[in-house]
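Okay, so here's the structure we're looking at.
Numbers restart at 1 for each chain; the letters A, B, ... are given by sequence-line order, proteins then strands. Because only heavy atoms are used, hydrogens play no part in the values below, and waters and symmetry mates are left out as well, while side chains stay in.
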Number of protein chains: 2
Amino acid sequence: MPSSPVPSSIARLRGKGGRYHHGNLRGALIVAAAGLLETEGEAGLTLRALADRAGVSRAAPYRHFADKEALLATLAGEGFRVLDREMERAAAMETTAPGRLRAMARAYVAFAQRYHRMFRLMFAGAADPEGRGSGQLRRRLSDAVAGMGSATDGMTAMTAWSLIHGLAALALDSPVVAEAARAPNVDGVVDLLIGGIG
Amino acid sequence: MPSSPVPSSIARLRGKGGRYHHGNLRGALIVAAAGLLETEGEAGLTLRALADRAGVSRAAPYRHFADKEALLATLAGEGFRVLDREMERAAAMETTAPGRLRAMARAYVAFAQRYHRMFRLMFAGAADPEGRGSGQLRRRLSDAVAGMGSATDGMTAMTAWSLIHGLAALALDSPVVAEAARAPNVDGVVDLLIGGIG
DNA sequence: GCATGATGTTGACATCATCTACATCCAAGT
DNA sequence: ACTTGGATGTAGATGATGTCAACATCATGC
């Protein structure tokens, strides 16, 4: 028998059939964080709320993340992975190079609007740990642009990315830009650039 | 004689020739906030540090701002005003319409890099109180675009703003884009769009 | 069986935003 | 001059939060 009695919270867990060890706390924390971020906003994304939602003590997350910032960075990295997948899927359904670029732009903007807090987090400056996120995005867009016109160099790809990202970002703040970011209009915006390339 | 003795901090102020009333605390807080934001980062931008820097108690800022968010919103509004002024000045030195658009783009990107934390704050979602900031920006860019080609409607202006904003924002995160955002290269990026317009 | 590292828990701390009650100053009436 | 009321500032407390150190529990290989 240990010198101190079994803590009440553990007894409670046992009573509910819970286990002392969570099993996959790291993953559960990321999922809970994504959920909290969208429902409660970044202010509501607190380590305590996270731990509660995962049914775990307040200090437990520190076994998996050095600090809150590390958790947010990982979360942002996850966001980049999802965005990349959605762009890939959107492009796969198109047959022409300009069609692919337009589809990727629509997916980018749609992602920003559906998960707008996540989108903000991703570009808030906390680099994701593997640094992979934005690099992979850039490469995917570069490839799409490269398959287009003749005079398509790196600068052209940066221009395309800037245009798409700016449209997605500004649409979150300005209702006027949001109108230009509606799916049918995105094509028109991208076409202005395509005209400049070809 | 009041029931409680004169607080030590006031005595200290008196001793240093300070006054009980600050004079222009509201303005001093905004200046201090702008300074702290750039030197310490958003995490270091705390009401305590602000009050200390202004030589005033911790609760004093609440006489001028409802809460921290209101202060940040005002600060962001100030940022918009500065950015607008810099764009205006940059455009005034140019004689042609494309030249003005290019100059404004360079000013926009330069502002984002010089005051990158302020730039992030401005587009972090906390709308500035008068809502004037981003609207004025949009109008100025719309005017610049309107003075250009034949087929320049609202959509064109949104496209221009998106391109410029995206370039400025991405350059803060990605070294690759930062290269495309160096002053000489900004012109090239904008020209890609101008080619699409004309 | 049993040591040992990984995983969770508890309790405490410092910092922060914010509130309440009070003090001080300034300016307008009188 | 004197008072009086509103604007401005202060002190102290409160609750929430991120983080840490010491301890408990589990799972796994020897």
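Scanning residues 59-66 of chain A for heavy-atom distances under 4.0 Å to DNA chain C yields A/Ala59, A/Ala60, A/Arg63, A/His64. Residues from residues 37-48 of chain A placing a heavy atom under 4.0 Å of any atom in DNA chain D, listed by number, are A/Thr46, A/Leu47, A/Arg48.
Applying the salt bridge (Lys or Arg N to Asp or Glu O under 4.0 Å) definition to pairs two or more places apart or across chains, none involves residues 59-68 of chain A. Pairs engaging residues 175-186 of chain B under the salt bridge (Lys or Arg N to Asp or Glu O under 4.0 Å) rule: B/Glu179-B/Arg182 [sequence neighbours left out].
Between the NZ atom of A/Lys68 and the P atom of D/dG18 there is a distance of 4 Å, given to the nearest Å. If you take CG of A/Leu50 and C1' of D/dG18, they are 13 Å apart, rounded to a whole angstrom. Between the C1' atom of D/dT8 and the CZ atom of B/Arg26 lies a distance of 14 Å, rounded to the nearest Å. At whole-Å resolution of the value, CG in B/Leu25 and P in C/dT24 are 19 Å apart. Distance CG (B/Leu29) to C1' (D/dT8): 12 Å, rounded to an integer number of Å. Rounded to an integer number of Å, the gap from CZ of A/Arg58 to P of C/dT10 is 8 Å. Rounded to whole Å, the distance from CG on A/Asn24 to P on C/dT7 is 11 Å.
In this structure A/Glu86 satisfies the side-chain hydrogen bond (donor to acceptor under 3.5 Å, both in side chains) test with no other residue, sequence neighbours excluded. Listed by chain and residue number, A/Asp84 satisfy the side-chain hydrogen bond (donor to acceptor under 3.5 Å, both in side chains) test with A/Arg140 (two or more places apart in sequence, or in another chain). In this view, A/Arg26 satisfies the side-chain hydrogen bond (donor to acceptor under 3.5 Å, both in side chains) rule with no residue, not counting sequence neighbours. The side-chain hydrogen bond (donor to acceptor under 3.5 Å, both in side chains) search around B/Asp187 returns B/Arg106, not counting sequence neighbours.
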Which donor-acceptor pairs under 3.5 Å do the side chains of residues 40-62 of chain A make with protein atoms, sequence neighbours left out?
from    : atom 1 : to      : atom 2 : distance (Å)
A/Thr46 : OG1    : A/Arg48 : N      : 3.2

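Ring geometry for A/Phe123 versus A/Tyr108: interplanar angle of 30 to 60°, hence tilted.
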